[in-house]
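Chain letters run A, B, ... following the sequence lines, proteins first, then strands; residues in each count from 1.
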Protein chains: 2
Amino acid sequence: MSSATLKKYYEGAEKILVAIDCIIFGFDKETLKLLLFKRKIAPFAGEWSLIGSFVQSGESVPEAAQRVLEESTGLNNVYLEEMGSYSDLQRDPGSRVISIAHYALIRLDEHKQQLVETHQARWFPYDDLPDLILDHQEMTQNALAKLRRKARYQPIGFELLPEKFTLPQLQLLYQAIYQKKLDRRNFRKKILSMKILEKLDEKDKTNSRKGAFLYRFDEKKYQELERKGMNFEL
Amino acid sequence: MSSATLKKYYEGAEKILVAIDCIIFGFDKETLKLLLFKRKIAPFAGEWSLIGSFVQSGESVPEAAQRVLEESTGLNNVYLEEMGSYSDLQRDPGSRVISIAHYALIRLDEHKQQLVETHQARWFPYDDLPDLILDHQEMTQNALAKLRRKARYQPIGFELLPEKFTLPQLQLLYQAIYQKKLDRRNFRKKILSMKILEKLDEKDKTNSRKGAFLYRFDEKKYQELERKGMNFEL
DNA sequence: ACAAAAGTGTTTAGCTTACACCCATGG
DNA sequence: CCATGGGTGTAAGCTAAACACTTTTGT
């Protein structure tokens with residue numbers, strides 16, 4: 001093939017705006033929350049929206065997603081997962097844009113509250129969200145579906161908890177993700193039998209007089225088990 | 001925001017070439033296969049590659065993927081699933097391209113052999129693939145990983161078999177997907193207990209003198225069970 | 001009659017589920 | 001001393017796993 005034809009091959013194709021949008025999950029006490037933003041630009045200025053940005057020519061998709069996360073939460077070591085593209089021709093009246101949606105799991109206690117204010121953002125309980133622009137509602141629903149599925153075979157739930165957490169807290173989290181109650185004894189048995197938690201000597205007394213022991217997720221132990229082919233199931 | 005700023009918002013962003021690439025799975029007797037193509041254009045003309053195409057301005061990502069599938073196999077009702085984006089800045093030396101990879105499951109008996117020839121394509125056993133260009137090797141590995149995971153909770157395996165198939169055939173397929181042997185009696189028990197197969201009166205005698213009964217996948221029964229919340233597990 | 005693949009049940013072990021009482025502490 | 005949430009064990013039912021012989025039929 002001649003270099004002229006090659007040129008035509010790549011240049012004959014249409015370039016398209018590529019955006020990324022982030023569904024940011026957090027977990028507070030017993031509810032799953034989403035970080036939403038008041039959109040600053042037209043169309044739909046002033047309405048609630050996911051946070052997003054265009055992919056720049058100098059960055060890959062994961063880099064763009066990390067950048068957005070850092071700009072909006074101040075965090076740079078965030079669990080981030082691509083969840084698919086949204087490409088309807090009419091999805092954005094402003095222009096033809098293909099968006100690659102991502103969901104992120106962040107620890108509410110770590111993110112910079114100040115940035116939330118700067119961005120006119122707000123945490124909403126997952127089951128009490130405002131109307132969202134464009135196809136952001138659909139993205140949001142797909143994100144929870146993916147999160148649920150993923151949480152079944154990988155311990156990503158821990159990404160939503162502080163470094164030290166109690167078993168009751170962990171159970172509340174999984175209950176929030178699966179939207180159903182779990183038996184306390186069975187939950188404990190199962191999670192402890194996986195041996196991926198390190199029990200600490202401290203107690204957290206914010207929720208009861210007796211206090212609950214704090215645990216820490218042991219990444220190393222988990223990865224060992226994973227290599228040996230364990231299956232993490234609720 | 002003024003319309004000038006708006007203009008700047010969308011126009012200030014960089015447009016990027018967006019491609020889709022398809023990992024096309026087939027199943028033959030007892031091996032999982034991939035349809036690969038001799039690349040016609042530079043760079044890498046003449047080397048083996050997945051089939052792909054740029055997303056046109058008039059089509060969505062799923063539409064582009066279907067188009068590619070139809071052009072390369074002649075099939076238009078194909079099981080097709082997006083599996084993620086590939087966006088390294090240097091991934092394609094020809095130009096900066098973001099590719100959204102998809103995997104497809106097709107029935108070897110249905111696709112048009114003639115098109116395979118037209119495209120200088122060839123079916124390769126999954127575990128004996130030639131070197132592939134760009135990041136196509138990585139895509140291929142990710143595709144099988146996704147297929148395996150997905151096959152655990154959705155009966156997508158059937159997309160790889162002809163409409164009528166025998167239980168031994170089905171078992172061979174799942175063994176190929178999971179790369180491990182399954183017990184014949186347990187497999188049968190499990191699959192039949194799901195009640196998603198319709199037993200026919202015909203036998204297929206191509207593989208034995210006795211012959212094996214043919215079955216058909218019952219989409220309706222499956223969807224009913226799905227609504228009631230069954231879990232499809234190997 | 002025999003070779004080659006299809007078909008069929010039972011037993012055992014492990015896992016999941018359901019369930020109720022005592023413990024520690026701060027007020 | 002009592003109210004509140006944290007912690008613990010066991011029995012029953014169910015699902016998964018292991019395992020070997022009979023059936024059919026073309027040659």
Chemist: Using only heavy-atom distances, decide whether a donor-acceptor pair under 3.5 angstrom links the side-chain of Arg185(B) to the base of dA6(C).
Modeler: no
Chemist: Could you tell me the separation between the CG atom of Asp204(A) and the P atom of dG5(D), rounded to a whole number of Å?
Modeler: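 Taking atom P of dG5(D) as the reference, CG of Asp204(A) is at 13 Å.
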Chemist: What is the distance, to the nearest angstrom, from the CG atom on Asp183(B) to the P atom on dG9(C)?
Modeler: 15 Å
Chemist: Quickly work out the Phe187(B) CZ to dA16(D) P distance and round it to whole Å.
Modeler: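 Nearest whole value for this atom pair: 14 Å.
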Chemist: Just how far, in rounded Å, is P of dT8(C) from CD1 of Ile191(B)?
Modeler: 15 Å
Chemist: For the pair made of NZ in Lys181(A) and P in dC19(C), what is the distance, rounded to whole Å?
Modeler: 14 Å
Chemist: So Asn186(A), base contact, sugar-phosphate only, or nothing? Heavy-atom distance under 4.0 Å.
Modeler: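 Since a base atom lies under 4.0 Å of Asn186(A), the category is base.
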Chemist: Please classify the nucleic acid contact of Lys189(B) as base, sugar-phosphate, or nothing, using heavy-atom distances under 4.0 Å.
Modeler: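 Base contact - Lys189(B) has a heavy atom under 4.0 Å of at least one base atom.
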Chemist: Return the value, rounded to whole Å, for the distance between atom NZ of Lys199(B) and atom P of dA6(C).
Modeler: 14 Å
Chemist: Return yes if the base of dA6(C) and the side-chain atoms of Lys210(B) contain a donor-acceptor N/O pair under 3.5 Å, otherwise no.
Modeler: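 Under the 3.5 Å cut-off, the side chain and the base do form a donor-acceptor pair.
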Chemist: Closest approach to the side chain of Lys205(B), judged atom by atom: which nucleotide of dT25(D), dG6(D), dG7(C) is it?
Modeler: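 When the side chain of Lys205(B) is considered, dT25(D) is the closest of dT25(D), dG6(D), dG7(C).
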Chemist: Rounded to whole Å, how long is the line connecting atom CD of Gln171(B) with atom C1' of dA6(C)?
Modeler: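 Nearest whole value for this atom pair: 11 Å.
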Chemist: Answer with yes or no whether Arg209(A) presents, from its side chain, a donor or acceptor under 3.5 Å of a partner atom in the base of dG27(C).
Modeler: no
Chemist: Is it the case that more than 12 heavy atoms not belonging to Lys164(B) sit under 6.0 Å from its NZ atom?
Modeler: no
Chemist: How are the rings of His119(B) and Phe37(B) set relative to one another: parallel (under 30°), tilted (30 to 60°) or perpendicular (over 60°)?
Modeler: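 Perpendicular.
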Chemist: Is Glu47(B) salt-bridged to Lys38(B), going by a charged N under 4.0 Å from an acidic O?
Modeler: no
Chemist: Relative to the 5' end of DNA chain D, which residue comes earlier, Glu233(B) or Asn207(A), by the nucleotide with the nearest heavy atom?
Modeler: Asn207(A)
Chemist: In whole angstrom, what separates Leu170(A)'s CG from dG6(D)'s C1'?
Modeler: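 Computing the Leu170(A):CG to dG6(D):C1' distance gives 15 Å.
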Chemist: For a quick test of reading the model: is some side-chain N or O of Arg188(B) closer than 4.0 Å to OP1 or OP2 of dG7(C)?
Modeler: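 For dG7(C), OP1 or OP2 has a side-chain N or O of Arg188(B) closer than 4.0 Å.
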Chemist: Is the base of dT25(C) touched by the side chain of Lys203(A) through a donor-acceptor pair closer than 3.5 angstrom?
Modeler: no
Chemist: Can you classify the ring geometry of Phe165(A) versus Phe158(A) as parallel (below 30°), tilted (30 to 60°) or perpendicular (above 60°)?
Modeler: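 Because their plane-to-plane angle lies in the 30° to 60° range, the rings of Phe165(A) and Phe158(A) count as tilted.
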Chemist: Over all strands shown, is Lys190(A) touching base, sugar-phosphate only, or nothing at heavy-atom distances under 4.0 angstrom?
Modeler: sugar-phosphate
Chemist: Can you identify which nucleotide, out of dT8(D), dA6(C), dC19(D), has its nearest atom closest to the Arg184(B) side chain?
Modeler: dA6(C)
Chemist: Measure the acute angle between the ring planes of Trp48(B) and Phe124(B), then classify it against the limits of 30° and 60° as parallel, tilted or perpendicular.
Modeler: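 Rings of Trp48(B) and Phe124(B): perpendicular, over 60°.
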